[in-house]
There are 2 protein chains.
Amino acid sequence: MTKTAQTPKGSGDRVSSSLAQAIHEHRLAPGTKLGEDEVAEIYNVSRTIVRSAFQSLAHIKLIDIKRNHGAYVAQPSLREAREVFEARELLEPRTARSAAALATQEDADSLRRHIDEEHKALNAGDSGRALYLSGSFHIEIARIANQRTIAEFVKTLIARSSLIIALYWRRESALCESTAHHALVDAIANNDAERAEELMRSHLVDLHSALDLREKPMPIRTLREALAGE
Amino acid sequence: MTKTAQTPKGSGDRVSSSLAQAIHEHRLAPGTKLGEDEVAEIYNVSRTIVRSAFQSLAHIKLIDIKRNHGAYVAQPSLREAREVFEARELLEPRTARSAAALATQEDADSLRRHIDEEHKALNAGDSGRALYLSGSFHIEIARIANQRTIAEFVKTLIARSSLIIALYWRRESALCESTAHHALVDAIANNDAERAEELMRSHLVDLHSALDLREKPMPIRTLREALAGE
DNA sequence: GCACACTTTATTGTATACAATTGCTTTTAT
DNA sequence: ATAAAAGCAATTGTATACAATAAAGTGTGC
């Protein structure tokens, strides 16, 4: 009755999450074409499953399905990038506040474990995985806030953020400075809602400003795309 | 190039939107089982299409797909209902503010047309359609706000609101009082962002309080369900 | 008569086969 | 030689066939 296994575990979920994680960790670059047969062969499933997975990924905007043309890892536009971060700045501070108000010792420990993992990945030179874990840190906060609906939104926003970072990150700026995450955990552990909210807000603003959302209107991949227009 | 036809128009979208509208208009009650063959026959398509449509509807929580059991029109729990309205109260006032800041004459006209349609449906006794239009009024505001990402969230929240209203509406309270919508349009037409935000907030609070979110933990449909537990 | 086990049936999950659309290559005519 | 058009190859969209799972109905034993 009190089982946490709320997951029905669909079958195509395996390929779906695997692809999602690959995108998250920047192993699949924006614009990469995902052929159905190709993916089907890799995972040893039929195209039926792959299509189902693609549909899920398309819904959270991780890939673009162009009818009769195929699925491509999404390339969020500048506008989309701005919108995603504006949405995050609207939702997540509130989420952090609720999380701080509700957090138990166990929750705080869970967050600290996340940060540790992040450190380890970073020290191991696996910046892709570090980025992924950095995202799941935010998702964990939303989970603690006990607002599943908003948490779901945050989840998709963070997934898209990963693509945005892949496209628009200014490499000169430090992105994964975990000081912000540390401070956030402390505030949450102390049930300091006000401070958690403010820390999250400033953290997101920092993240937002570490992106270059001015120029580079479209990362061109092929000549064809350059001439076809968006 | 400047085409607004952003819609790829998938094929199963027809059945998906048709089902969505039926749920929206309360022609399909929460808990109703949707058999794949049954739906496939109705729309003269294969189960492949139906499954694809079901997946879309499940993603926006309009239906629940229980593995190996089938698809059912969702029955939002009390908790879910609260969460949905809390999310709306977080997102929509901000959306209304942006909409008011950006609205053109054309936008205002569009909103007024929506209200007119709503009135007509109500006078024609088609309360289901009136409810549907009432929802699309909110979506239209999100569209005007020019925040597609948030608009998408609002869209799903409103779809779920329709189910919530079906389950928890206190019939004694007036729901579709369009005075609120009228005032909102006026504020938006006058580009009064502050007022639009506040009107939206109070409108949502009114809506929220027109629901009975205290008792009635589970609307029982069959004896079996009553005994099986959630 | 009741309970338990087995069989049967209906429904969903997955794979494959077929149809349609797209982009590319080749051919042909100017 | 170039450009247009027709055919070709490849990929996606859809339908159908098969497999697996779960529910329900049936029969037997106590």
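Scope of the values below: all heavy atoms of this structure, side chains included, with no hydrogens, waters or symmetry mates. Throughout, a chain's letter reflects where its sequence line sits, starting with A, and its residues are numbered from 1. Keep in mind that what you see is a predicted model, and the values were worked out from it rather than measured.
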Handout entry: Distance in angstrom units between A/R67 CZ and C/dG23 C1', rounded
Key = 17 Å

Handout entry: Worked check of side chain to side chain donor-acceptor pair (under 3.5 Å) between B/D107 and B/S110
Key = CA-CA 5 Å; B/D107 292 328; B/S110 166; over 6 Å; no

Problem - For atom CZ of B/R47 and atom C1' of C/dA10, their distance in whole Å - result: 11 Å

Exercise for the section: Apply side chain to side chain contact (heavy atoms under 4.5 Å, CB included) to the pair B/L91 and A/L91, showing each step before the final yes or no. Expected result: CA-CA 8 Å; B/L91 292 176; A/L91 292 177; 3.7 Å; yes

Problem - Distance, rounded to the nearest Å, where A/E38 contributes CD and D/dA10 contributes P - result: 15 Å

Exercise for the section: Would you kindly give the CD-to-C1' distance between A/Q55 and C/dT14, to the nearest whole Å? Expected result: 16 Å

Exercise for the section: Give a yes or no on whether a salt bridge exists between A/E117 and A/R129, defined as a side-chain N under 4.0 angstrom from a carboxylate O. Expected result: yes

Completion exercise
The residue, A/T48 or A/F54, whose nearest nucleotide of DNA chain D is more 5′ is A/F54

Exercise for the section: Answer yes or no: is there a side-chain heavy-atom contact under 4.5 Å between B/E92 and B/V154? Expected result: yes

Problem - N or O in side chain of B/K33 less than 4.0 angstrom from D/dA23 OP1/OP2 - result: no

Practice task
Nearest whole angstrom, please: distance from the P of D/dT12 to the CD1 of A/I63.
Solution key: 11 Å

Exercise for the section: Write down the distance between CG (A/D37) and P (D/dA10), rounded to a whole number of angstrom. Expected result: 12 Å

Handout entry: Comparing A/H69 and A/V45 on DNA chain C - which has the more 5′ nearest nucleotide
Key = A/V45

Practice task
Check the distance between C/dT11's P and B/N68's CG and give it to me in whole angstrom.
Solution key: 14 Å

Completion exercise
B/N44 CG to D/dA15 C1', in whole Å, measures 13 Å

